[in-house]
Visitor: 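First the structure, then my questions, so here it is.
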Amino acid sequence: QVQLVESGGGLAQAGDSLRLSCAASGRTFSSYVVGWFRQAPGKEREFVAGIGRSGGTYTADSVKDRFTLSRDNAKNTVYLQMNSLKPEDTAVYYCGLSTKWFSVANADFGSWGQGTQVTVSS
């Protein structure tokens with residue numbers, strides 16, 4: 001079984017950048033799609049971005065051109081680079097695993113980490 005740990009969250013101002021990491025242990029995750037989701041207070045968890053086994057990525061329209069994904073399978077880690085942050089990016093960010101390429105559905109992902117808080121002030 002794979003365990004995921006997110007890190008890299010924190011406080012930022014609008015326009016700043018942060019890089020989140022999703023590290024896997026227990027088993028390699030190179031064969032999985034890794035997805036990033038976020039959940040703001042009072043809202044449902046929403047898809048942010050996903051990266052496939054070969055490195056192909058897909059992102060939500062709300063973060064397109066601002067957030068990018070990369071993965072280092074040797075380190076069992078996926079990175080979410082977040083640029084030009086906005087207050088509406090404030091949320092707890094989670095990573096999860098899926099076998100379904102291009103899925104944006106919560107239900108298709110599992111092995112969720114504990115999340116990392118990102119807070120963006122204006």
Side-chain angles (χ1 to χ4, degrees):
Q1 187 164 347
V2 181
Q3 291 84 40
L4 302 180
V5 177
E6 303 93 339
S7 62
L11 298 175
Q13 292 190 330
D16 284 353
S17 298
L18 286 174
R19 188 177 78 158
L20 306 184
S21 299
C22 172
S25 62
R27 189 174 165 185
T28 182
F29 72 175
S30 60
S31 60
Y32 293 97
V33 175
V34 180
W36 282 96
F37 288 70
R38 65 187 182 187
Q39 188 166 21
K43 295 188 177 181
E44 294 187 352
R45 189 176 298 187
E46 65 173 3
F47 172 78
V48 175
I51 185 165
R53 290 169 288 184
S54 58
T57 62
Y58 55 110
T59 55
D61 288 343
S62 59
V63 304
K64 189 165 279 191
D65 298 329
R66 298 190 297 122
F67 291 11
T68 57
L69 279 169
S70 61
R71 71 189 297 165
D72 186 337
N73 287 332
K75 295 183 177 180
N76 258 2
T77 302
V78 165
Y79 304 98
L80 179 67
Q81 178 67 43
M82 308 188 297
N83 298 327
S84 302
L85 284 164
K86 302 177 180 180
E88 51 263 45
D89 295 321
T90 295
V92 178
Y93 284 70
Y94 300 88
C95 59
L97 302 181
S98 177
T99 57
K100 297 185 178 182
W101 168 244
F102 221 69
S103 174
V104 302
N106 262 302
D108 288 338
F109 288 79
S111 300
W112 297 101
Q114 83 292 344
T116 185
Q117 176 72 47
V118 172
T119 303
V120 184
S121 61
S122 58

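The structure displayed is predicted, hence computed values, not measured ones.
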Visitor: At their closest point, which heavy atom of Ser84 faces which heavy atom of Ser17, and how far apart are they?
Guide: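 Closest approach of Ser84 to Ser17, heavy atoms only: N-OG, 4.3 Å.
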
Visitor: Compare every heavy atom of Gly52 with every heavy atom of Val33, then report the nearest pair and how far apart it is.
Guide: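 Heavy atoms only, the tightest pair is CG2-CA, 4.3 Å.
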
Visitor: CG/Asn73 to OG/Ser30 distance, rounded to the nearest 0.5 angstrom?
Guide: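 So the gap between those two atoms works out to 5.0 Å.
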
Visitor: Show, in sequence, the C-alpha distance, side-chain angles and deciding distance for Tyr58 and Phe47, and conclude whether the ring-ring contact (aromatic ring centres under 6.0 Å, His included) test is met.
Guide: CA-CA 10 Å; Tyr58 55 110; Phe47 172 78; 5.2 Å; yes

Visitor: CD/Gln3 to CD/Gln114 distance, rounded to the nearest 0.5 angstrom?
Guide: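 So the CD of Gln3 and the CD of Gln114 are separated by 12.0 Å.
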
Visitor: The criterion is ring pair (Phe, Tyr, Trp, His ring centres under 6.0 Å); which residues satisfy it with Tyr79, sequence neighbours excluded?
Guide: none

Visitor: Tyr94 and Phe37: aromatic ring centres closer than 6.0 Å?
Guide: no

Visitor: When rounded to the nearest 0.5 angstrom, what distance separates CZ in Arg66 from NZ in Lys86?
Guide: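 So the CZ of Arg66 and the NZ of Lys86 are separated by 4.5 Å.
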
Visitor: Please round to the nearest 0.5 Å and tell me the distance separating atom CD of Gln117 and atom CD of Gln39.
Guide: 11.0 Å

Visitor: Using 0.5 Å steps for rounding, measure from the CH2 atom of Trp101 to the CZ atom of Arg53.
Guide: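 So the gap between those two atoms works out to 10.0 Å.
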
Visitor: Can you confirm if the NZ or CZ of Arg45 lies within 45° of the ring axis of Trp112 and under 6.0 Å from the centre of its six-membered ring?
Guide: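 Yes, Arg45 and Trp112 form such a contact.
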
Visitor: What I'd like to find out is whether the side chain of Val92 reaches to under 4.5 Å of the side chain of Thr116, using heavy atoms alone.
Guide: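 No - every pair of side-chain heavy atoms lies 4.5 Å or more apart.
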
Visitor: Do Phe67 and Leu85 make a side-chain contact, defined as non-hydrogen atoms from C-beta onward lying under 4.5 Å apart?
Guide: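 Contact flag for Phe67/Leu85 side chains = yes.
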
